[in-house]
Amino acid sequence: MTEIRHIVFDIGKVLIHYDPDLPFSRLIPDETERKRFFETICTSEWNIEQDRGRGWEEAEALLIAEFPEHEENIRNFRRHWHEMVPHAYDDSVEFMEALIDRGHDVTLLTNWAKDTFVEARGRFPFLDRPRGITVSGEIGMIKPDRGIYDHHAATFGLEPAATVFIDDSQKNVDGARAAGWQAVLFQNAKTLEEDLERFGISR
């Protein structure tokens with residue numbers, strides 16, 4: 001088995017995403033309405049627009065123009081997005097920090113647009129901890145395009161076969177594997193721990 005020398009986390013969906021199963025209590029208290037809102041308005045497709053480099057203000061304005069009756073919730077999404085993150089400290093972020101503390105070579109990738117990422121770094125200190133961070137929106141690539149994995153490998157000097165790529169999207173995991181990476185699907189800390197132990201990695 002190839003020795004793993006680098007660990008790459010791409011856990012944007014876990015950190016902040018439109019998952020109707022998460023509380024979002026101050027954003028939309030009603031569970032049914034919350035589910036409908038994130039399935040039909042603030043969708044993953046809307047998030048992809050920011051992957052392309054579209055700033056928050058422009059993305060918000062376009063969404064509000066399309067759904068004016070939901071302007072308050074759309075604006076509240078940005079205002080309270082940090083409330084969507086606490087579960088990540090119990091799972092992905094805590095796990096990532098433990099690996100860093102143990103001396104593992106860890107990189108965090110993010111799909112956020114540049115202005116979103118600047119805002120995030122002001123709120124979450126862990127974003128400054130990994131050795132490298134890249135913002136997909138800045139390079140105009142959308143996973144699971146093969147080019148984005150090649151770009152990350154070149155940017156950080158990685159050997160895909162000697163790197164474990166951790167993502168919370170099965171489509172991205174499949175894309176990474178097709179590009180020659182070792183890749184595992186992030187679901188929760190327990191299953192990730194079991195997956196990484198098979199690569200000889202522990203926290």
Side-chain angles (χ1 to χ4, degrees), residues 1-17 19 22 51 81-114 116-139 141 143-203:
M1 186 172 64
T2 303
E3 178 187 0
I4 300 301
R5 295 189 291 274
H6 194 89
I7 305 166
V8 174
F9 275 80
D10 191 341
I11 51 176
K13 182 177 178 183
V14 176
L15 291 174
I16 169 175
H17 207 262
D19 186 339
L22 296 177
D51 276 359
W81 62 293
H82 59 287
E83 294 187 12
M84 304 174 196
V85 176
H87 69 291
Y89 283 95
D90 296 332
D91 283 345
S92 55
V93 172
E94 184 177 295
F95 203 108
M96 181 179 66
E97 289 188 321
L99 291 171
I100 294 169
D101 289 339
R102 194 171 173 84
H104 290 293
D105 194 7
V106 178
T107 290
L108 172 65
L109 310 182
T110 173
N111 306 334
W112 298 324
K114 186 174 182 180
T116 315
F117 183 58
V118 169
E119 186 174 344
R121 292 182 78 173
R123 293 177 187 250
F124 310 123
F126 66 81
L127 289 176
D128 287 321
R129 299 202 59 197
R131 128 190 126 107
I133 298 174
T134 185
V135 182
S136 302
E138 291 183 342
I139 59 173
M141 294 182 180
K143 295 184 299 302
D145 187 311
R146 165 68 183 265
I148 199 166
Y149 302 102
D150 292 341
H151 172 84
H152 294 328
T155 299
F156 297 108
L158 309 178
E159 291 179 60
T163 302
V164 172
F165 178 84
I166 301 164
D167 201 295
D168 47 20
S169 161
Q170 186 65 58
K171 182 185 292 186
N172 291 343
V173 167
D174 292 342
R177 288 173 177 165
W181 295 65
Q182 306 286 339
V184 298
L185 178 67
F186 178 88
Q187 296 172 298
N188 56 61
K190 184 178 187 300
T191 58
L192 180 61
E193 192 151 26
E194 293 170 353
D195 287 335
L196 292 185
E197 282 177 353
R198 286 196 285 273
F199 288 100
I201 298 169
S202 65
R203 59 169 176 163

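All values reported here derive from a predicted model rather than from experimental measurement.
- Within the model, atoms CD1 of I166 and CD of Q182 stand 12.0 Å from one another, a figure rounded to the nearest 0.5 Å.
- Applying the side chain to side chain donor-acceptor pair (under 3.5 Å) test to R177 and every residue at least two apart in sequence or in another chain returns nothing.
- Nearest heavy atom pair, residue A161 against residue I4, reads O-CD1, 4.2 Å.
- In this structure, F156 and H152 have tilted ring planes: the angle between them lies in the 30° to 60° band.
- Under the side chain to side chain donor-acceptor pair (under 3.5 Å) criterion, Q170 pairs with D174, not counting sequence neighbours.
- Of all heavy-atom pairs between V164 and I201, the closest is CG2-CD1, 4.1 Å.
- Aromatic ring centres of F95 and F186: separated by at least 6.0 Å.
- Of the possible polar contacts, none joining the H6 side chain to the P160 backbone as a donor-acceptor pair under 3.5 Å is found.
- When all heavy atoms of F165 and A176 are compared, the pair lying nearest together is CD2-CB, 3.6 Å.
- Scanning for side chain to side chain donor-acceptor pair (under 3.5 Å) contacts around D195 gives R198, with sequence neighbours left out.
- For R102, there are no salt bridge (charged side-chain N to carboxylate O under 4.0 Å, His left out) partners two or more places apart in sequence or in a different chain.
- F9 CZ to L108 CG: the interatomic distance, rounded to the nearest 0.5 Å, is 8.5 Å.
- The only member of D105, I7, V8 that meets side chain to side chain contact (heavy atoms under 4.5 Å, CB included) when paired with T163 is V8.
- Listed by chain and number, the residues in a side chain to side chain contact (heavy atoms under 4.5 Å, CB included) with T191 are Q187, N188 (sequence neighbours excluded).
- Closest of all the heavy-atom pairs between M96 and V106 is CG-CG1, 3.8 Å.
- In this structure, the side chains of D167 and W181 stay at 4.5 Å or more apart for every pair of heavy atoms.
- With sequence neighbours excluded, the residues that form a side chain to side chain contact (heavy atoms under 4.5 Å, CB included) with A162 are T2, R5, E159.
- With a 4.5 Å cut-off on side-chain heavy atoms, N172 and Y149 count as touching.
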